Amino acid sequence: MADTTIEWTDATWNPVAGCAVITPGCTNCYAMRMAARLEAMGVPKYEGLTRKSGDRYVWTGKVRLDEASLAIPLKWRKPRKIFVNSMSDLFHVDVPTDFIARVWAVMEQTPQHTYQILTKRPERMREVLVALDLPVLPHVWLGTSVEDSAVLGRLDDLRATPAIIRFVSFEPLIGSVAKADLSGIHWAIIGGESGPRARPMNPEWVEEIQLRCRSTRTAFFFKQWGGRNKKAAGRSLNGQEWNELPESVTL
């Protein structure tokens with residue numbers, strides 16, 4: 001577990017490491033660069049999870065389960081918003097269902113925290129949670145990433161997943177998602193890509209999402225414009241910062 005500068009959470013928890021590139025939104029994933037750095041620093045957890053491709057590092061497709069990190073949230077008494085697996089995807093096909101159940105058990109034992117699980121594989125998330133009949137926990141928010149209109153179907157899988165709070169991360173936003181159906185989605189995070197190969201984000205795409213959020217009463221969180229220097233670009237939209245969070249709801 002580590003504190004983080006990610007604007008919409010407080011800390012990260014990585015019981016799994018490693019992933020695979022599956023759609024264009026993965027192309028410049030920050031976690032690939034970070035994993036390569038950590039391997040170069042001699043961190044065993046990240047050994048062999050990336051490979052050199054041209055002048056950059058990409059995922060090899062391998063994942064590693066970190067048994068030692070499972071109990072970390074049990075030691076944290078102060079409530080935190082926790083981003084689960086910022087360096088992987090809990091619902092990667094190679095993460096065993098019994099390990100997912102163990103992650104779930106830790107979250108169930110720590111209701112003082114709010115857990116935010118983000119996946120690019122919501123179809124497996126839905127299948128696993130239903131098959132295992134895992135409890136629907138009000139402090140566990142389930143989300144999916146949508147980078148452009150080609151993967152809007154992920155929202156349908158998310159809607160079909162048992163959850164109290166559902167959210168979508170439109171980051172990196174690399175195309176218009178004006179036709180996104182946000183019904184049943186409680187929170188939308190929007191962000192441009194950052195880093196040395198950042199693809200531009202059209203302000204019109206952001207405003208399209210904001211309008212959709214208003215029509216469905218979905219909380220709107222504008223994370224960043226991105227670019228090579230994301231700090232310089234800032235996170236102000238039309239003269240203000242947007243930091244809305246999903247309203248507290250109950251079954």
Side-chain angles (χ1 to χ4, degrees), residues 1-4 6-17 19 63 65-146 154-169 171 182-189 216-221 243-251:
M1 175 105 57
D3 291 339
T4 180
I6 297 173
E7 290 82 355
W8 46 267
T9 196
D10 300 320
T12 59
W13 174 40
N14 284 289
V16 182
C19 204
V63 299
L65 309 182
D66 185 1
E67 299 273 348
S69 76
L70 273 175
I72 290 176
L74 300 172
K75 303 173 184 177
W76 285 62
R77 301 303 177 194
K78 180 182 177 181
R80 284 173 166 80
K81 292 194 296 291
I82 300 171
F83 179 14
V84 180
N85 282 329
S86 63
M87 297 295 291
S88 184
D89 190 325
L90 184 61
F91 294 96
H92 187 286
V93 67
D94 291 331
V95 178
T97 57
D98 64 329
F99 192 83
I100 294 171
R102 292 171 66 193
V103 170
W104 216 262
V106 171
M107 296 190 297
E108 188 173 11
Q109 294 174 61
T110 51
Q112 73 271 26
H113 301 311
T114 297
Y115 292 93
Q116 300 155 313
I117 300 177
L118 188 59
T119 181
K120 284 187 172 68
R121 299 161 176 85
E123 70 288 348
R124 185 169 191 245
M125 177 168 68
R126 171 179 52 79
E127 291 167 359
V128 169
L129 298 188
V130 170
L132 295 180
D133 194 24
L134 294 175
V136 178
L137 303 173
H139 63 292
V140 175
W141 301 357
L142 301 183
T144 191
S145 297
V146 172
R154 290 175 181 167
L155 292 171
D156 296 325
D157 284 307
L158 179 60
R159 255 187 298 275
T161 302
I164 301 296
I165 296 291
R166 300 182 186 90
F167 70 101
V168 56
S169 174
E171 184 188 8
L182 296 182
S183 60
I185 308 300
H186 305 95
W187 190 33
I189 303 165
T216 55
R217 302 186 67 182
T218 302
F220 178 84
F221 192 105
N243 299 309
E244 296 174 358
L245 293 171
E247 294 179 354
S248 177
V249 296
T250 58
L251 281 172

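These numbers were taken from a predicted model, which means no experiment stands behind them. If you read the sequence from its start, that first residue is 1, and numbering goes on from there.
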Between [atom1] on residue [X] and [atom2] on residue [Y], distance to nearest 0.5 Å:
X: L245; Y: W8; atom1: CG; atom2: CH2; result: 11.5 Å
X: L118; Y: I189; atom1: CG; atom2: CD1; result: 7.0 Å
X: M107; Y: Q109; atom1: CE; atom2: CD; result: 11.0 Å
X: T114; Y: L137; atom1: OG1; atom2: CG; result: 11.5 Å
X: I6; Y: K81; atom1: CD1; atom2: NZ; result: 12.0 Å
X: N85; Y: Q116; atom1: CG; atom2: CD; result: 13.0 Å

[X] side chain near [Y] side chain, heavy-atom distance below 4.5 Å:
X: V128; Y: F91; value: yes
X: P138; Y: I165; value: no
X: W13; Y: S86; value: no
X: V168; Y: T218; value: no
X: D10; Y: T4; value: no
X: W104; Y: I117; value: yes
X: E67; Y: R102; value: yes
X: I185; Y: T216; value: no

- For F167, the ring-ring contact (aromatic ring centres under 6.0 Å, His included) test, sequence neighbours excluded, returns W187

- Task: Write out all pairs satisfying side-chain hydrogen bond (donor to acceptor under 3.5 Å, both in side chains) with one or both partners inside residues 128-146, taking only residues at least two apart or from two chains.
- Result: none

Please check if the side chain of [X] supplies one atom and the backbone of [Y] the other of a donor-acceptor pair under 3.5 Å.
X: E244; Y: F220; value: yes
X: E108; Y: V103; value: no
X: H92; Y: D94; value: yes

Identify the heavy atoms of [X] and [Y] that sit nearest to each other, and give their distance.
X: A219; Y: P246; value: CB-N, 3.8 Å
X: R80; Y: A11; value: CD-CB, 4.2 Å
X: L142; Y: A163; value: CD1-CB, 3.8 Å

Anything under 3.5 Å between a donor and an acceptor, one on a side chain of residues 155-162, the other on a protein residue two or more places apart or in another chain? List them.
| residue | atom | partner | partner atom | Å |
| --- | --- | --- | --- | --- |
| D156 | OD1 | R159 | NH2 | 2.8 |
| D157 | OD1 | R126 | NE | 3.3 |
| D157 | OD1 | R126 | NH2 | 3.1 |
| R159 | NH1 | D181 | O | 2.7 |
| R159 | NH1 | S183 | O | 2.8 |
| T161 | OG1 | D157 | O | 2.8 |

- Message: If we count only N and O atoms by modelled type, under 3.5 Å, do the side chains of S69 and N14 hold a donor and an acceptor together?
- Response: no

- Message: The test is side-chain contact (heavy atoms from CB on, under 4.5 Å); show your working for D66 and V16 and say whether it passes.
- Response: CA-CA 6 Å; D66 185 1; V16 182; over 6 Å; no

- Task: Please assess E7 against F221 for the test side-chain contact (heavy atoms from CB on, under 4.5 Å), listing each intermediate value before the final yes or no.
- Result: CA-CA 9 Å; E7 290 82 355; F221 192 105; 3.9 Å; yes

- Task: Before accepting this row, confirm whether a basic side-chain N of the pair R121/D89 lies closer than 4.0 Å to the acidic partner's carboxylate O.
- Result: yes

- Item | side-chain contact (heavy atoms from CB on, under 4.5 Å) assessment of R124 paired with L129 | CA-CA 8 Å; R124 185 169 191 245; L129 298 188; over 6 Å; no

- Would F83 and Y115 count as a side-chain contact (heavy atoms from CB on, under 4.5 Å) if you check the C-alpha gap in whole Å, the side-chain angles of each, and the deciding distance to 0.1 Å? CA-CA 6 Å; F83 179 14; Y115 292 93; over 6 Å; no

